[in-house]
Visitor: 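Okay, here's the structure, questions in a sec.
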Amino acid sequence: MSWHTYLGTLQYTFLQSEGPKLIVKVELDLGEYYRSLVPPSYRIQCPRFLPHVSVVRNERPNLARWGVYQGLSIELEYSNIVGFDQIYCWLPIRCQKLSELREELDLPGTSAITKSHDGVEDFHLTLGHTKF
């Protein structure tokens, strides 16, 4: 497995219906390229949302620091090996800074939402799913 660096952008949102959400936006091309490597026999559908790495979702962060790094570029490391389970395919993501950002918001460094679907890495980029 080899790791590559990628520059994403932090995006904070707060919607009444969803609450606080922090993601790292990545270019559409990254997700499309790795999804194109998945054999057609897997019948992978595109994710509902544009490619991103979830940092905070369905949690209650300390809002005193919310939005502090809006638009900041952040360096991620991603594996070129696509992960699979029964439902999802993803790229494993490593980024100590994202764990630190979560801790600044009084959250644990990682969560069930942020971890790769196999639980190995602290973050992931979902490429697709088999839910029809």
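Positions are given from 1, in the same order as the sequence printed here. All heavy atoms count here, side chains included; hydrogens, waters and symmetry mates do not.
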Visitor: Using only atom types and a distance under 3.5 Å, with no angle test, would you say the side chain of T9 pairs donor to acceptor with the backbone of L72?
Guide: no

Visitor: If you count every heavy atom of other residues, nucleotides or ligands that lies below 6.0 Å from K21 atom NZ, does the total exceed 12?
Guide: yes

Visitor: Please check: side-chain N/O of T126 versus main-chain N/O of G128, any donor-acceptor pairing under 3.5 Å?
Guide: no

Visitor: Ignoring hydrogens and geometry, is there a side-chain-to-backbone donor-acceptor pair from T110 to S99 under 3.5 Å?
Guide: no

Visitor: Answer yes if V24 and V68 sit in the same cluster of Ile, Leu, Val, Met, Phe, Trp and Tyr residues linked by side chain heavy atoms under 4.5 Å apart, and no otherwise.
Guide: yes

Visitor: Determine the minimum heavy-atom distance between V26 and L76, stating which atoms define it.
Guide: CG1-CD1, 4.2 Å

Visitor: By side-chain contact (heavy atoms from CB on, under 4.5 Å), which residues pair with E103, not counting sequence neighbours?
Guide: none

Visitor: Is there a side-chain contact between L28 and P51 in this structure, where contact means two heavy atoms from C-beta onward sitting under 4.5 Å apart?
Guide: yes

Visitor: Count the heavy atoms belonging to other residues, nucleotides or ligands that lie under 6.0 Å from OH of Y33, then report whether that count exceeds 12.
Guide: no

Visitor: Kindly work out whether a path of hydrophobic side-chain contacts (I/L/V/M/F/W/Y, heavy atoms less than 4.5 Å apart) joins I23 to L107.
Guide: no

Visitor: Donor-acceptor pair, H4 side chain versus E77 backbone, under 3.5 Å?
Guide: no

Visitor: May I have all residue pairs that pass ring-ring contact (aromatic ring centres under 6.0 Å, His included) and include part of residues 43-70, sequence neighbours excluded?
Guide: Y12-W66

Visitor: About how many Å separate OG of S36 and CD1 of I44, when rounded to the nearest 0.5 Å?
Guide: 12.5 Å

Visitor: Less than 4.0 Å between a side-chain N and a carboxylate O, is that true for K115 and D122?
Guide: yes

Visitor: Does Y34 belong to the same Ile/Leu/Val/Met/Phe/Trp/Tyr cluster as V53, with side-chain heavy atoms less than 4.5 Å apart forming each link?
Guide: yes

Visitor: Mark yes or no for whether S79, through its side chain, and W3, through its backbone, hold a donor-acceptor pair below 3.5 Å.
Guide: no

Visitor: Looking at SG of C89 and NE2 of H124, how far apart are the two atoms once the value is rounded to the nearest 0.5 Å?
Guide: 10.5 Å

Visitor: Rounded to the nearest 0.5 Å, how far apart are OG1 of T13 and CG of L22?
Guide: 8.0 Å

Visitor: If the threshold is 4.0 Å, N to carboxylate O, is there a salt bridge linking R102 and E59?
Guide: yes

Visitor: Between E75 and K97, is the side chain to side chain contact (heavy atoms under 4.5 Å, CB included) condition met? List the steps.
Guide: CA-CA 8 Å; E75 189 174 283; K97 183 64 178 171; over 6 Å; no

Visitor: Indicate if L105 and L101 have the same hydrophobic cluster label, given that clusters are the connected sets of ILVMFWY residues with side-chain heavy-atom separations under 4.5 angstrom.
Guide: yes

Visitor: Rounded to the nearest 0.5 Å, how far apart are CD1 of I113 and OG of S54?
Guide: 7.0 Å

Visitor: Test L91 against I81 for side chain to side chain contact (heavy atoms under 4.5 Å, CB included), laying out the working first.
Guide: CA-CA 7 Å; L91 290 180; I81 303 297; over 6 Å; no

Visitor: Please name the pair of heavy atoms, one in F123 and one in G109, separated by the smallest distance, quoted to 0.1 Å.
Guide: CZ-O, 3.8 Å

Visitor: Considering all heavy atoms of both residues, which atom of T5 and which atom of Y78 are nearest to each other, and what is their separation?
Guide: O-CE2, 4.1 Å

Visitor: Once rounded to the nearest 0.5 Å, what's the spacing between atom CG of L127 and atom CZ of R35?
Guide: 6.5 Å

Visitor: Donor-acceptor pair, distance only, cut-off 3.5 Å: does the side chain of Q45 make one with the backbone of K131?
Guide: yes

Visitor: The test is side chain to side chain contact (heavy atoms under 4.5 Å, CB included); show your working for V56 and L98 and say whether it passes.
Guide: CA-CA 10 Å; V56 175; L98 292 181; over 6 Å; no

Visitor: Give every residue pair that meets the ring-ring contact (aromatic ring centres under 6.0 Å, His included) criterion with at least one member in residues 84-114, sequence neighbours excluded.
Guide: Y42-F84, Y88-H117, W90-H117

Visitor: Any chance you could measure L125, atom CG, to I93, atom CD1, to the nearest 0.5 Å?
Guide: 5.5 Å

